[in-house]
Amino acid sequence: MPEMPEVEAVCRKLRTSVAGLIVDGASVWRCGTPAIAELAIGKKLLRVDRKGKHILIRLDGGVTLHTHLRMSGNLRAIPDHRMSPANTRILLRLSNGTGIILEDPRALARMDAIPTSEIDAKLSKLGPEPLSPDFTPDYLITTLRSSRQPIKLFLMDQTRVSGLGNIYVAESLFRAAIDPRKVLRTASVKKIERLHSGIIGVLTNAVQSACNAFSSPGHFEEFEFPCAVYGREAEPCLECGGKIRRIPQGGRSTYFCPGCQK
DNA sequence: AACACGACCTGGTAGC
DNA sequence: TGCTACCAGGTCGTGT
């Protein structure tokens, strides 16, 4: 579920339902430390920010709940804090009877309570967000010139660009017609510009779809981006009709169309 | 410094 | 049916 577009949708949804409420209680079963309860209880929820895939719940008193959903986590408000579902790892009970839950079947997600003043240092290594003004073609050209990594692995590296994951990297490379195994150290400016606009195109689209899906009353967990290559091994390419391939890269699956992506 | 790899966890599914 | 092996959208620590 959670790459940047999904995390953005989680944040937008959370923002509308919890701002201004007080944390009355907290239970931490897994995915966090008891410090969350010590630091959060009695504090007011000010706002919810996001950087890359990191969610920052700002509390008054200079405390921030830093959350990462990793592979299978989800963070959402529930109407009654006495009714938390299975797989709830952390529950924040709020002053109006509602709650915020961190749920994760695999228990890989993490939440920490840390001083707001330490957040910037903690996230300082993250690269620019792909939809921010800092992510320019020039930035991409300069950083690619100094890297010997295959482009797939480069784009997965959160210190280069923050927010992309396996799905949207695959889809961006397909849109830009670039082979994920290629090193772009000496690639033409034109090709890198194509990649830049591919990433922005895919993510703009994905943020919009994720937010629409999450704001509808149904089960947002079922949101799935309509992928051209990701998860479509051996199926026909939507452009050329050739077979989509899956190969291992960096210990995980890469999907691409050998016919279209050069 | 840059990169590769295993560990962290659990649940679903394909194959025997 | 039941077992095993493998797969899953991420990140971190360790080793080369």
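Below, chains carry the letters A, B, ... as their sequence lines are ordered, and counting in each starts from 1.
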Q | Worked verdict on A:Asp49 versus A:Arg58 for salt bridge (charged side-chain N to carboxylate O under 4.0 Å, His left out) | A | CA-CA 8 Å; A:Asp49 296 328; A:Arg58 311 288 194 178; 2.9 Å; yes

Q.
Taking pairing as Watson-Crick or G-U wobble with both contacts under 3.5 Å, can you name the mate of C:dA8, or confirm there isn't one?
A. B:dT10

Rounded to the nearest Å, what distance is computed from the [atom1] atom of residue [X] to the [atom2] atom of nucleotide [N]?
X	N	atom1	atom2	answer
A:Leu126	C:dC12	CG	P	8 Å
A:Leu155	C:dT11	CG	C1'	17 Å
A:Arg89	B:dT10	CZ	P	7 Å

Q) 5'-most contact on DNA chain B: A:Pro150 or A:Arg252, nearest heavy atom basis? A) A:Pro150

Q.
Heavy-atom nearest nucleotide on DNA chain B for A:Leu153 versus A:Arg106: which residue maps closer to 5'?
A. A:Leu153

Hey, is the side chain of [X] poking within less than 4.0 Å of OP1 or OP2 on [N], counting only N and O atoms?
X	N	answer
A:Thr159	B:dA2	no
A:His68	C:dG10	no
A:Arg148	B:dA1	no
A:Gln158	C:dT11	yes
A:Ser253	C:dC7	no

Shortest side-chain distance from [X], nucleotide among [options]:
X	options	value
A:Lys53	C:dT11, C:dA8, B:dC8	C:dT11
A:Arg70	C:dG9, B:dC3, C:dT11	C:dT11
A:Pro105	C:dG9, B:dG11, B:dC3	B:dG11

For [X] and [Y], which I'm curious about, is there any donor-acceptor pair between the side chains at under 3.5 Å?
X	Y	result
A:Arg160	A:Thr143	no
A:Thr254	A:Lys152	yes
A:Asp179	A:Gln261	no

Q. Taking NZ, NE, NH1 and NH2 as the nitrogens, is one of them in A:Glu3 or A:Lys53 under 4.0 Å from a carboxylate oxygen of the other?
A. no

